[in-house]
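Heads up: the structure comes next, in structure tokens.
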2 protein chains.
Amino acid sequence: MRSENVKVAIWGFGAMGSGMAKMLMNKKGVEIVGVCDRNPERVGKSIYEILGVERGNRPDVIVNPEIDEVISEKSCDVCLTATDSFTAKAFPRLKHVLEKKINVISTAEEMSYPQAQNPELAAELDKIAKENGVTILGTGINPGLIMDLLVVVLTGCMTDVTEIEAKRVNSLSPFGHAVMEEQGVGITVDEFNNGVADGSLAGHVGFEESINMIGDAIGWPVEKIETQMKPIVTTVDRKSPHGFAAAGNVAGVNMTGQGFVDGQVKINMIHPQQIEPEMEGTFTGDYITLKGSPEVNMIIKPEVEGGLGTIAMCVNMIPQVINSEAGLKTMLDLPVPRAIMGDMRQFIK
Amino acid sequence: MRSENVKVAIWGFGAMGSGMAKMLMNKKGVEIVGVCDRNPERVGKSIYEILGVERGNRPDVIVNPEIDEVISEKSCDVCLTATDSFTAKAFPRLKHVLEKKINVISTAEEMSYPQAQNPELAAELDKIAKENGVTILGTGINPGLIMDLLVVVLTGCMTDVTEIEAKRVNSLSPFGHAVMEEQGVGITVDEFNNGVADGSLAGHVGFEESINMIGDAIGWPVEKIETQMKPIVTTVDRKSPHGFAAAGNVAGVNMTGQGFVDGQVKINMIHPQQIEPEMEGTFTGDYITLKGSPEVNMIIKPEVEGGLGTIAMCVNMIPQVINSEAGLKTMLDLPVPRAIMGDMRQFIK
């Protein structure tokens with residue numbers, strides 16, 4: 001086992017980045033060596049103070065708005081970047097870290113399978129990573145596990161697959177204001193429809209990535225993907241810690257998507273997300289239904305909590321990313337994710 | 001994509017080996033180049049005749065009892081060996097194939113994690129494989145996926161794990177006479193207890209492997225494993241296609257196992273298997289319960305069918321084994337299993 005701790009930098013200290021920091025503080029054999037974030041409320045503060053965690057005898061880490069004051073060439077093993085959802089927007093930051101010869105794990109949803117929507121940028125990231133001898137991976141709970149990798153794993157016990165359905169019914173109640181805005185919680189149906197039309201409402205980002213990941217994994221050429229985004233209109237007032245939807249307004253968004261193979265829909269994605277779903281009799285869960293031989297009907301109830309799940313996936317993949325050969329990797333390329341309950345150094349080859 | 005088909009030999013043409021052959025016959029870019037089996041009912045016969053499959057323009061494959069007439073140095077990409085349950089018994093055969101510089105996938109339950117009970121043989125297999133530039137993997141539905149790899153994958157979305165329970169409630173009704181005998185279906189309770197005492201009743205083989213695989217994967221040092229094997233006594237006559245248990249006799253076996261970590265049971269395995277479970281109100285399924293943060297409660301209902309599941313896992317892992325660096329690998333080391341719905345050659349790097 002190596003003697004030095006695994007060294008981690010974090011870029012973006014919002015809910016995801018700070019959650020990863022908190023998780024890392026409870027692990028052995030790993031230390032946070034720097035945090036970059038531009039939010040004026042966080043800049044200049046100790047991450048231990050921000051998180052309310054005892055620093056003990058660990059060196060202090062002060063949030064710095066300048067990435068070049070946080071990382072330098074080979075200054076750490078991996079940088080967790082939690083700044084963006086889209087590959088194109090994240091690209092300059094990812095490139096910057098890779099060129100410092102530091103491995104990258106990105107929370108950007110599109111980065112879970114960037115070859116789906118940005119094949120040129122994906123090829124470019126692969127090239128840059130290889131030139132610098134490091135690895136880049138995008139992951140999270142979804143995309144990253146529930147509606148793609150877990151589907152793929154379960155097809156592994158099938159001799160034949162004819163149709164795939166992945167359904168994630170989740171609650172937005174644990175999330176903060178940013179998520180409420182992104183998903184349109186509390187707005188009117190007109191505002192929702194305008195937001196969809198002008199692209200300002202993103203909804204869930206990830207169907208293109210999940211569908212292409214599944215298709216490529218099992219050898220189904222996906223020739224077309226269609227997606228739909230509809231408001232979930234509540235008939236009662238719904239209130240969550242950070243959201244409110246009055247009766248008649250939008251409590252969340254119902255995302256659906258279809259992957260076409262051989263002219264038919266063979267991959268179906270259903271993903272309604274809303275605050276307080278149980279107020280109108282919707283119960284949360286993750287469902288994977290695989291038709292073929294043998295059939296597989298999987299249920300996880302309630303759904304795996306998205307925030308913690310994303311935090312865990314990114315941190316838990318650190319050893320696989322460090323151990324990997326250089327280049328752009330996806331969850332399909334690396335050994336399976338797993339919790340890290342022992343000293344992280346024992347997972348490093 | 002390589003132009004030559006992936007070439008597969010099969011050693012052992014019972015239910016598993018012949019099932020894999022049938023599955024391979026439905027796949028593109030792969031061919032069966034030889035089958036070794038000593039059963040006099042099969043020796044000298046065409047595998048197409050045995051399986052009742054149209055040969056078409058494929059070259060015929062005749063079952064041969066001598067392995068050296070089936071494989072020679074580098075004569076194929078991989079040999080699927082379906083001859084044994086135990087590492088020590090399988091070892092000479094596995095060594096023989098590896099020394100022909102041919103990759104191996106073994107159905108032997110203990111081979112799914114041979115370091116658990118035969119660390120010296122595991123090290124020896126790793127050495128032989130590396131010397132010959134090939135890879136050896138043991139896999140199957142269980143051990144191999146349901147009570148170990150799938151557990152590990154699901155811990156990947158957890159920041160902390162405190163306790164693991166894997167439960168597989170399955171029906172033995174689809175299985176043949178060999179399984180009925182191995183599991184004690186139809187015998188009296190006295191006969192069952194004698195069979196457990198003298199070791200002639202194996203029951204499920206795999207708890208040591210699954211528990212150690214999980215422990216090593218997440219970094220829990222497993223210090224002790226206990227297992228129990230109890231008869232499932234039926235109160236009604238139960239009849240399956242190949243089995244019969246009169247009221248008062250044994251309809252199957254209830255296997256339980258516990259992995260101790262830090263002096264406590266942290267990994268619990270529960271695996272009752274019997275014919276016609278629903279006759280006394282038992283419904284089959286696979287259940288994974290992970291305590292910690294976030295909690296994960298997974299159900300697959302009914303259970304993934306064991307025979308087809310094992311066949312699929314072995315065939316579906318062919319590309320990962322061919323693509324792997326040399327040595328003994330486990331399901332923890334390789335990219336995730338996945339169905340092969342396209343030309344198998346496109347999965348080979």
Side-chain angles (χ1 to χ4, degrees), chain A residues 19 22-23 26 28 141 144-146 149-150 152-161 214 217-221 261 286 288 290 292-302 304-305 307-313 315-317 331-344 346-347, chain B residues 19 22-23 26 28 141 144-146 149-150 152-161 214 217-221 261 286 288 290 292-302 304-305 307-313 315-317 331-344 346-347:
Chain A
K22 206 160 187 173
M23 178 175 170
N26 286 313
K28 283 183 219 119
I141 194 70
L145 180 65
I146 298 296
L149 188 74
L150 191 52
V152 170
V153 170
L154 291 173
T155 68
C157 64
M158 300 176 72
T159 61
D160 186 40
V161 183
I214 293 169
I218 72 171
W220 271 355
V261 181
D286 295 313
I288 295 173
L290 306 177
S293 175
E295 306 215 331
V296 179
N297 296 288
M298 190 220 72
I299 300 177
I300 295 175
K301 249 184 172 175
V304 176
E305 209 263 85
L308 277 175
T310 293
I311 288 164
M313 288 293 290
V315 169
N316 288 333
M317 288 304 290
M331 293 302 288
L332 297 179
D333 304 314
L334 299 177
V336 298
R338 61 202 71 177
I340 297 176
M341 298 307 299
D343 191 307
M344 196 184 282
Q346 81 192 41
F347 293 80
Chain B
K22 206 160 186 171
M23 177 173 170
N26 287 312
K28 281 184 222 121
I141 194 71
L145 181 65
I146 299 295
L149 188 74
L150 191 52
V152 170
V153 171
L154 290 173
T155 68
C157 64
M158 299 176 72
T159 60
D160 186 41
V161 183
I214 294 169
I218 71 171
W220 273 353
V261 180
D286 295 313
I288 295 173
L290 306 177
S293 176
E295 305 215 332
V296 179
N297 295 290
M298 190 220 72
I299 300 178
I300 295 175
K301 250 183 170 172
V304 176
E305 210 263 86
L308 278 176
T310 293
I311 288 163
M313 288 292 291
V315 169
N316 288 334
M317 288 303 291
M331 294 301 288
L332 297 179
D333 303 314
L334 299 178
V336 298
R338 61 202 71 176
I340 298 175
M341 298 307 299
D343 191 306
M344 196 184 282
Q346 81 193 42
F347 293 81

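Nothing here was measured: the structure is a model prediction, and the numbers come from that model.
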Hey, which of Leu332(A), Asp286(A), Leu145(A), Val296(A) has the most heavy atom pairs under 4.5 Å with chain B? Leu332(A)
When you compare the side chain of Thr159(A) with that of Asn316(B), does any pair of heavy atoms fall below 4.5 Å? no
Is chain A contacted by the side chain of Asn297(B), its backbone, both, or neither, given a heavy-atom distance below 4.5 Å? both
With a 4.5 angstrom heavy-atom cut-off, which part of Val315(A) approaches chain B: side chain, backbone, both or neither? neither
Report which part of Ile214(A) has an atom under 4.5 Å of a heavy atom belonging to chain B: side chain, backbone, both, or neither. neither
Where do Met298(B) and Met298(A) come nearest, in terms of heavy atoms and distance? CG-CG, 3.6 Å
Among Pro337(B), Cys157(B), Gly219(B), which residue forms the greatest number of heavy-atom pairs with chain A at distances under 4.5 Å? Cys157(B)
Counting heavy-atom pairs under 4.5 Å with chain A, which one of Leu149(B), Thr155(B), Ile218(B) comes out on top? Ile218(B)
Using non-hydrogen atoms and a 4.5 Å limit, figure out which bit of Ile146(B) sits close to chain A: side chain, backbone, both or neither. neither
Looking only at heavy atoms, which two atoms of Met158(A) and Ala339(B) are closest? And how far apart? O-CB, 4.2 Å
Of all of Ile311(A), Asp343(A), Val336(A), which one pairs up most often with chain B through heavy atoms under 4.5 Å apart? Val336(A)
With a 4.5 angstrom heavy-atom cut-off, which part of Ile299(A) approaches chain B: side chain, backbone, both or neither? both
Less than 4.5 Å apart, side chain to side chain, heavy atoms only: is that true for Val304(A) and Pro294(B)? yes
Report the option among Gly292(B), Gly156(B), Gly342(B) that has the most heavy-atom pairs separated by less than 4.5 Å from atoms of chain A. Gly156(B)
Side chain, backbone, both or neither: which part of Leu334(A) has a non-hydrogen atom closer than 4.5 Å to chain B? backbone
Relative to chain A, which of Met331(B), Met23(B), Glu305(B) shows the most heavy atom pairs under 4.5 Å? Met23(B)
Just so I know, are the side chains of Ile288(A) and Ile300(B) near enough to count as touching, which here means a heavy-atom distance under 4.5 Å? no
Side-chain heavy-atom pair Val152(B), Arg338(A) within 4.5 angstrom cut-off: yes
Segment of Leu290(A) engaging chain B (4.5 angstrom heavy-atom cut-off): neither
Does the side chain of Asn26(A) come within less than 4.5 Å of Asp160(B)'s, by heavy atoms? no
Interface moiety of Ile340(B) toward chain A, non-hydrogen atoms closer than 4.5 Å: backbone
